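Note that this is a predicted model, so its numbers are computed, not measured. Per chain, numbering begins at 1; letters A, B, ... match sequence-line order.
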2 protein chains.
Amino acid sequence: MGEYSDNTGIGENEDLDEETLFVVSQTFKALGDPTRIRILHLLFQHEYSVNQIAENLHLRQSTVSHQLRFLKNLRLVKNRREGTTLFYSHDDEHVINLLKQTIDHAFHS
Amino acid sequence: MGEYSDNTGIGENEDLDEETLFVVSQTFKALGDPTRIRILHLLFQHEYSVNQIAENLHLRQSTVSHQLRFLKNLRLVKNRREGTTLFYSHDDEHVINLLKQTIDHAFHS
DNA sequence: TTATAATATGAACACATGCTAATATAAGCA
DNA sequence: TGCTTATATTAGCATGTGTTCATATTATAA
């Protein structure tokens, strides 16, 4: 078999450098926790405040805040301040699409 | 903005039932480890034996075997026996595509 | 059967992860 | 200023995860 014989044009045989490997694993790790999935899934629709997320998903404020910091560090969500309230929304279309695809795939199987 | 106004047709507002949540998080968890990513990435090309994988990626035979069992439990890889040798290959196009997409995205950014 | 090669398994360990309670910070208002 | 609301942070704990060494299993061949 010849090298580089694939047809999709999507990163087939490129060697995985350390940085890419790190980014990719971090990305999937972010999506590998049920709580974070539920938060991101909620944010599919529109922005929510921290407390709104906590109420909606029956989680502690502290838990939500921690996970939002995690997601924000990876630039998967952003926020907007209004007085003392912070509204969070998603901030990475690619990752949101990964999640949508996978939910869809799991749901219809 | 009206409800259900999205254009992708991909699972927007469906409620996340426990089972879907579990499957999705398991799937991403599988892709959330550098070693498993490297193994799956190697298997993009073609099948490899356990020892071949270990040599290629500079991992212990035991480590590779453990991770392959993990991936096999999730039906992300399959194997084929030839004498005492087991050849592993990927077995989930959807997940492989997720990985390809994400590597591609991370690599060209 | 015995020996050998390839792979799988089990136990132990270090480390990472996620949640919680308590507290701190920040912004708005009386 | 002091009070309230909303969010962030810190430390601690329990659980999960990935690797390793040692050993077991499986299949083949002499």
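Between A:Asn79 atom CG and D:dA6 atom P there is a gap of 16 Å when expressed in whole angstrom units. To the nearest angstrom, P of C:dG18 lies 6 Å from CZ of A:Phe70.
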Reading 5' to 3' through nucleotides 25-30 of chain C, protein heavy-atom contacts under 4.0 Å coded B for base, S for sugar-phosphate only, - for none: --BS--
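Proximity of B:Arg69 to the phosphate of C:dT9: a side-chain N or O atom is located under 4.0 Å from OP1 or OP2. Within the structure, a side-chain polar atom (N or O) of B:Tyr88 is placed less than 4.0 Å from OP1 or OP2 of C:dA8.
B:Phe87 and B:Leu40 are assigned to two separate hydrophobic clusters, defined by single-linkage of ILVMFWY side chains at heavy-atom distances under 4.5 Å.
A donor-acceptor pair under 3.5 Å is absent between the side-chain atoms of A:Arg69 and the main chain of A:Leu71, judged by distance alone. Judged purely by atom type and a 3.5 angstrom limit, A:Thr20 has no side-chain atom pairing as donor or acceptor with the backbone of A:Leu16. Although no hydrogens or angles enter the test, the distance criterion places a donor-acceptor pair under 3.5 Å between the side chain of A:Asp92 and the main chain of A:His94. In terms of modelled atom types and a separation under 3.5 Å, the side chain of A:Ser65 and the main chain of A:Gln61 share no donor-acceptor contact. A side-chain donor-acceptor contact under 3.5 Å links B:Thr102 to the backbone of B:Leu98.
Annotation: the span from A:Glu93 atom CD to A:Leu76 atom CG amounts to 11.0 Å, rounded to 0.5 Å.
The side chain of B:Val50 sits closest to C:dT7 out of D:dG18, C:dT7, D:dA6. When the nucleotides C:dA8, D:dT19, C:dT7 are ranked by their closest atom to the side chain of B:Gln67, D:dT19 comes out on top.
In terms of heavy atoms, B:Leu68 sits closest to B:Val77 at O-CG2, 3.9 Å.
Looking at B:Lys78 and B:Ser89, their side chains come closer than 4.5 Å, going by heavy atoms from C-beta outward. A heavy-atom distance below 4.5 Å is found between the side chains of B:Val23 and B:Thr27.
Contact check of residues 17-31 of chain B against DNA chain C (heavy atom, cut-off under 4.0 Å) returns no residues at all. Taking a 4.0 Å limit (strictly below) on heavy-atom distances, residues 53-65 of chain A reaches DNA chain D at A:Gln61, A:Ser62, A:Ser65.
You cannot call B:His66 stacked on the base of D:dT19; the centres under 5.5 Å and planes under 30° rule is not satisfied.
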